[in-house]
Amino acid sequence: MRIIQSLGEMNETARGWLAGGTVGFVPTMGYLHDGHLSLIRAAQECEITVVSIFVNPLQFPPGDPAQRYPRDVPRDLQLLSAANVDVVFLPRAEDLFPPDFATFVTLSGPIADRLEGAIYPAYIRGVATMICKLFQLVRPDIAYFGQKDAQQVAVVRQLVRDLNIDVNLRVLPTMRESDGLALSSRNSLLSSAERQAARLLYQALLAGKALVEGGERRSPLIEQAMTRVIASEPLVRLDYVAVCHADTFKGVPQVVPHTLLALAANIGQARLIDNIVYQGRGRWQL
Ligand code: AMP
């Protein structure tokens, strides 16, 4: 497994990809778990697998500083080596964002303005700018993302389309603990009482799903039901619940096929997000 830190070396390596075959890329912020590993396994359909680890300072709001994000690079490297990853890209913040860094990729419309974008407006441009830089440096054929970060997926789809970036995208389902909590590096920040309380996030999504399965389609009522589940637990401070179109993030008055049920909440030191998608005809992506 090759570890690359320098941007020049990454560029040079990427220039030689063509000879080696297709390149699958999994961008991460590290502190790896089985959700990341599921993306890496999927990426191994390509001849070369590249994983990046970088805690992107641009996508953290002031109240949730990047410094608080859990890190353990030596452990990550062991996991990646055991998973037969070919290249780990570990760029340095001072190289990616030197003091004179001045170019940002901004999106407009509901993908940028709603949900995460409403809570922290700079989040979307932080994600878009970072992914754009990583795609330039790594030049993958296929990039792999998790459905858990639904808005990141929507941002990347839009970015790739609008800027004509030559990369295919694959989106993999959310991996969960046995009680339904979505795996997240941030779960390690929870105390045991907070971890118990965090079960409610998935339960709130399931409460929305149960209403839809019972025939309810009105989005405000489904949002209210999800909110009520969260409100029953004082340790969980809700940022938002949303029922919206899964690609455009526009609000929808009624749940129709391809509708996202999403939420974000703070529990102790951790800010957690989760979602499920109604695919239509009684089918769900959980
Ligand atoms: P992160 O390191 O949190 O930025 O995540 C890196 C990639 O892993 C993103 O595409 C995430 O959507 C994905 N990911 C994070 N958690 C999960 C999960 N529980 N299941 C599947 N993919 C995940």
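Each ligand, and each atom within it, is numbered from 1 in the order the structure gives.
- From M10, atom CE reaches atom CZ of R2 across 8.0 Å, with rounding to the nearest 0.5 Å.
- Each of the atoms 7 (C), 8 (O), 10 (O), 13 (C) of ligand 1 lies under 4.0 Å from some heavy atom of L39.
- A 6.0 Å sphere centred on CZ of R75 holds more than 12 heavy atoms belonging to other residues, nucleotides or ligands.
- Under 3.5 Å, the side chains of Q158 and R161 contain a donor-acceptor pair of N or O atoms.
- The atoms of ligand 1 that sit less than 4.0 Å from any heavy atom of P27 are 6 (C), 7 (C).
- Once rounded to the nearest 0.5 Å, the distance linking CD of Q203 with CG of L181 reads 10.5 Å.
- For the ligand labelled ligand 1, residue L172 lies outside the 4.0 Å heavy-atom shell.
- Near Y69, meaning under 4.0 Å from one of its heavy atoms, ligand 1 places the atoms 3 (O).
- Across Y144 and P27, no two heavy atoms sit closer than the pair O-CD, 3.7 Å.
- Judged purely by distance below 3.5 Å, without hydrogens or angles, the side chains of Q59 and Y120 never pair a donor atom with an acceptor atom.
- Figure legend: cation-pi geometry between R125 and F104, with NZ or CZ positioned under 6.0 Å from the six-membered ring centre and within 45° of its axis.
- For atom 17 (C) of ligand 1, the closest non-hydrogen atom on the protein side is H33 CE1, 3.7 Å.
- The distance from ligand 1 to the heavy atoms of L183 drops below 4.0 Å at these ligand atoms: 16 (N), 17 (C), 18 (C), 19 (N).
- Protein heavy atom at the shortest distance from atom 20 (N) of ligand 1 is M175 N, 2.8 Å.
- Geometrically, R217 engages Y278 in a cation-pi contact defined by less than 6.0 Å to the ring centre and at most 45° from the axis.
- Protein heavy atom in closest approach to atom 5 (O) of ligand 1: H36 NE2, 3.4 Å.
- The hydrophobic clustering, which links ILVMFWY residues whose side-chain heavy atoms are closer than 4.5 Å, places V55 and L90 apart.
- Among protein heavy atoms, atom 9 (C) of ligand 1 sits closest to Q152 NE2, 3.7 Å.
- For atom 4 (O) of ligand 1, the nearest non-hydrogen atom of the protein is M29 CG, 3.5 Å.
- Summary of contacts: the protein heavy atom closest to atom 22 (N) of ligand 1 is G146 CA, 3.6 Å.
- At distances below 3.5 Å, not a single donor-acceptor pair connects side-chain atoms of N168 with backbone N or O atoms of I142.
- Look at R186 and you'll find every heavy atom at least 4.0 Å from all atoms of ligand 1.
- The shortest contact between atom 21 (C) of ligand 1 and any protein heavy atom is with P173 O, 3.4 Å.
- Applying the 4.0 Å criterion to heavy atoms of F145 picks out, from ligand 1, the atoms 10 (O).
- Nearest protein heavy-atom contact of atom 11 (C) of ligand 1 is D149 OD1, 3.1 Å.
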